[in-house]
Amino acid sequence: MERAVILCDGYFGQNTGKTANGLVRYSKRYEIAGVIDRTKAGRDAGEVLDGKANGIPIVGSLREAIDRCSPKTLIIGVATFGGYIPQEYRPTLREAIESGLNIVAGLHEYLSEDPEFAKLAEARGVRLIDVRKPRPIRDSKQFSDLSRKLPCLRIPVLGTDGAIGKRTMALLLTDALTAAGIPATFVATGQTGLIQGSAYGVPLDSIKGDFMVGELESEIVRAYNETEPKVIVVEGQGSISHPAYVCGTRAIINASMPSGILMMHAPARTTRSFRRDVVDWPMPTVEEEIQWLQFFGSKAGGGKVIGLGINHENMTREEVEKTVRDYETKYGLPAADPLWHGCGKFVDPIRRMT
């Protein structure tokens with residue numbers, strides 16, 4: 001595993017820093033040696049994120065990161081609105097390239113197509129890796145109705161909003177299923193999952209509309225053909241009821257033809273995570289989102305919601321425990337906070353489906 005530090009200056013532990021947050025919690029491709037965020041320098045990344053130290057230091061500058069962490073790669077750890085390269089990060093990115101570090105980014109604005117960075121990288125002999133760049137159109141796949149015929153379960157983890165824990169729950173569920181003797185394979189649909197090391201997946205929101213479903217479908221089929229799991233767990237994107245995400249959830253449902261759906265919700269979140277400074281759009285209720293998901297799921301294989309994941313954002317442990325009890329009583333579905341409780345409750349209903 002290549003040693004890497006994450007550039008997340010000013011955003012670690014926040015929704016905008018979700019790529020950094022995800023990598024600190026889970027990474028199979030890179031050994032995360034440090035996080036750059038001057039606003040939290042001197043603290044432990046695990047302690048900031050989850051209240052439990054993990055030995056990953058937060059440092060105040062790239063120079064300190066190089067001296068303390070000896071990285072080979074710098075990963076841009078923010079998911080900016082629009083996927084732009086943050087202007088305030090450009091000096092640090094120049095310094096990193098000049099210091100001989102490879103740069104990994106999951107943005108819509110590609111480093112490899114930035115004239116300044118591309119020229120400098122070529123001169124220094126370093127790589128600029130844009131994981132959100134889709135395949136060329138001539139190599140892209142269109143919908144072929146292949147997932148429905150796979151002899152395995154397809155379980156997408158969807159949700160009521162963006163940046164709500166869908167990817168984290170999907171990864172934890174994949175590990176929980178495998179540990180329970182149910183072979184499972186994770187398929188990523190976003191840049192963070194791909195950077196974390198998923199062998200299967202696509203940057204869904206970077207793909208032209210004609211190919212979104214087909215490209216993801218082909219990765220689900222490839223995941224089955226190469227690993228032959230009993231369950232394929234598909235990462236969700238956005239929310240089917242969110243006005244800013246027009247394709248993500250629908251494309252995932254159509255590409256996976258779900259056998260069942262798990263849904264993440266943040267009970268204490270009142271407005272959508274996207275552009276709160278511009279759009280004050282209210283969160284849906286659990287009932288509303290289940291209704292939407294099951295309507296579209298029924299048109300694509302009959303998938304129903306089989307469990308509810310809880311994001312403990314702005315909630316106490318007591319509030320989460322009460323919510324779990326209330327949801328299980330009200331909806332008749334297993335409920336759990338994947339980070340605090342694990343995903344064991346969701347293994348049993350999936351086992352009964354195999």
Side-chain angles (χ1 to χ4, degrees), residues 1-14 16-43 45 48 56-136 188 190-198 201-203 205-206:
M1 295 173 68
E2 192 169 290
R3 285 177 66 83
V5 294
I6 307 169
L7 176 60
C8 195
D9 203 19
Y11 298 104
F12 184 65
Q14 302 176 32
T16 300
K18 68 177 187 177
T19 296
N21 302 343
L23 285 164
V24 164
R25 287 183 173 130
Y26 193 100
S27 179
K28 290 187 174 181
R29 178 165 295 169
Y30 297 98
E31 177 188 353
I32 305 303
V35 176
I36 302 169
D37 184 348
R38 72 191 72 187
T39 67
K40 298 177 178 68
R43 301 176 65 183
V48 169
I56 298 175
I58 303 177
V59 299
S61 68
L62 175 65
R63 186 70 262 161
E64 184 182 358
I66 291 173
D67 291 343
R68 288 187 59 183
C69 307
S70 303
K72 297 292 184 182
T73 295
L74 176 72
I75 301 171
I76 299 178
V78 294
T80 58
F81 293 126
Y84 306 119
I85 300 170
Q87 287 298 311
E88 65 271 26
Y89 284 11
R90 292 188 72 92
T92 302
L93 294 174
R94 282 195 295 268
E95 182 185 356
I97 295 170
E98 289 170 346
S99 299
L101 298 184
N102 301 315
I103 312 291
V104 175
L107 303 171
H108 285 308
E109 196 169 29
Y110 303 136
L111 292 176
S112 59
E113 295 179 5
D114 183 279
E116 179 187 12
F117 293 146
K119 182 178 180 180
L120 186 58
E122 183 178 9
R124 298 292 180 175
V126 303
R127 293 176 294 147
L128 302 178
I129 303 165
D130 293 301
V131 301
R132 216 167 179 176
K133 184 179 287 188
R135 291 192 292 187
Q191 68 274 18
T192 304
L194 295 170
I195 295 172
Q196 286 174 307
S198 176
V202 291
D205 64 359
S206 295

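L111 places a side-chain heavy atom less than 4.5 Å from the side chain of I76. Using a 4.5 Å heavy-atom threshold, the side chains of L93 and I85 count as touching. Looking at heavy atoms from C-beta onward, I58 lies out of side-chain contact with T39 at the 4.5 angstrom threshold.
Residue I66 holds its CD1 atom at 4.0 Å from OG of S99, rounded to the nearest 0.5 Å. From L23, atom CG reaches atom CD1 of I32 across 4.5 Å, with rounding to the nearest 0.5 Å. For the atom pair CG (L120) and CZ (R94), the distance works out to 9.0 Å, reported to the nearest 0.5 Å. Separating the CG atom in D205 from the CZ atom in R132 is a distance of 4.0 Å, to the nearest 0.5 Å. Between Q196 atom CD and R25 atom CZ the span is 10.0 Å, to the nearest 0.5 Å. Atoms SG and CG, on C8 and N21 in that order, are 6.5 Å from each other to the nearest 0.5 Å.
Each of V24, D37, I36 was checked for a side chain to side chain contact (heavy atoms under 4.5 Å, CB included) with I6, and the lone residue meeting it is V24. For the side chain to side chain contact (heavy atoms under 4.5 Å, CB included) with L7, the lone residue among T92, I75, V35 that qualifies is T92. Each of L128, V126, I129 was checked for a side chain to side chain contact (heavy atoms under 4.5 Å, CB included) with I103, and the lone residue meeting it is L128.
When all heavy atoms of N102 and R127 are compared, the pair lying nearest together is OD1-N, 2.9 Å. Considering all non-hydrogen atoms of both residues, V78 and P86 come closest at CG2-CG, 4.0 Å. Residue P91 comes nearest to E88 through the heavy atom pair CD-O, 3.6 Å, listed as atom of the first residue, atom of the second, then distance. Counting all heavy atoms, side chain and backbone alike, A33 lies closest to C69 at O-SG, 3.3 Å. When every heavy atom of L194 is checked against every heavy atom of P203, the shortest pair comes out as CD1-N, 3.9 Å. When all heavy atoms of G83 and L107 are compared, the closest pair comes out as O-CB, 3.2 Å.
Listed for the R90 side chain is no donor-acceptor partner under 3.5 Å among the backbone atoms of F117. Side chain of D9 to main chain of R38: a donor-acceptor pair is present (N/O by atom type, distance under 3.5 Å, no hydrogens or angles). Using modelled atom types, no side-chain atom of D130 and backbone atom of K133 make a donor-acceptor pair closer than 3.5 Å.
Heavy atoms from other residues, nucleotides or ligands lying under 6.0 Å from OH of Y89 number more than 12. The neighbour count for E116 CD, taken as heavy atoms of other residues, nucleotides or ligands under 6.0 Å away, is above 12.
Because its NZ or CZ atom is not both nearer than 6.0 Å to the ring centre of F12 and within 45° of the ring axis, K40 does not count as a cation-pi partner of that residue.
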